[in-house]
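Quick note: numbers below take in every heavy atom, side chains included, and nothing from hydrogens, waters or symmetry partners. Numbering starts at 1 and runs along the sequence shown.
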Amino acid sequence: MKKLRGILGVAGSVFGAVSAVKSLQTARQDKDKLLLVNAAASILTAITGVLLTIRSVRADKDGEK
């Protein structure tokens, strides 16, 4: 169950990152500074989500030993 939660966490972050990159491209084309800031924040959120998931999975592995 913990592995499934980790996989879902990474998958959710990856989908968020893809969406953020598309928003970033749109912001650049439209030269919309507010949308650009939002896209950058979304990318950081996706990265943070991946890192938190990795940390959680590592902590679960350490607890099993």
Side-chain angles (χ1 to χ4, degrees):
M1 185 67 177
K2 291 179 183 180
K3 287 184 181 181
L4 179 62
R5 184 175 50 199
I7 291 169
L8 291 176
V10 170
S13 294
V14 168
F15 285 123
V18 169
S19 175
V21 169
K22 288 181 182 180
S23 294
L24 182 64
Q25 291 172 343
T26 302
R28 285 183 177 175
Q29 288 175 350
D30 296 345
K31 297 181 181 179
D32 186 341
K33 291 181 182 180
L34 186 58
L35 188 57
L36 185 64
V37 170
N38 186 50
S42 295
I43 291 169
L44 289 175
T45 301
I47 291 169
T48 303
V50 169
L51 295 175
L52 287 171
T53 302
I54 291 170
R55 184 177 73 178
S56 175
V57 169
R58 284 185 179 172
D60 289 343
K61 284 183 180 180
D62 290 343
E64 292 176 3
K65 290 183 180 179

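By the side chain to side chain contact (heavy atoms under 4.5 Å, CB included) test, L44 pairs with no residue at all, sequence neighbours left out.
At a threshold of 4.5 Å between side-chain heavy atoms, the hydrophobic network of Ile, Leu, Val, Met, Phe, Trp and Tyr places L52 and L8 in two separate groups.
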Considering only distance and modelled atom types, tabulate donor-acceptor pairs under 3.5 Å from the side chains of residues 16-24, sequence neighbours left out.
unit_1	atom_1	unit_2	atom_2	d
S23	OG	S19	O	3.2

Quiz: residues 31-40 side-chain donor-acceptor pairs under 3.5 angstrom, not counting sequence neighbours:
unit_1	atom_1	unit_2	atom_2	d
D32	OD1	L34	N	3.2
D32	OD1	L35	N	3.3

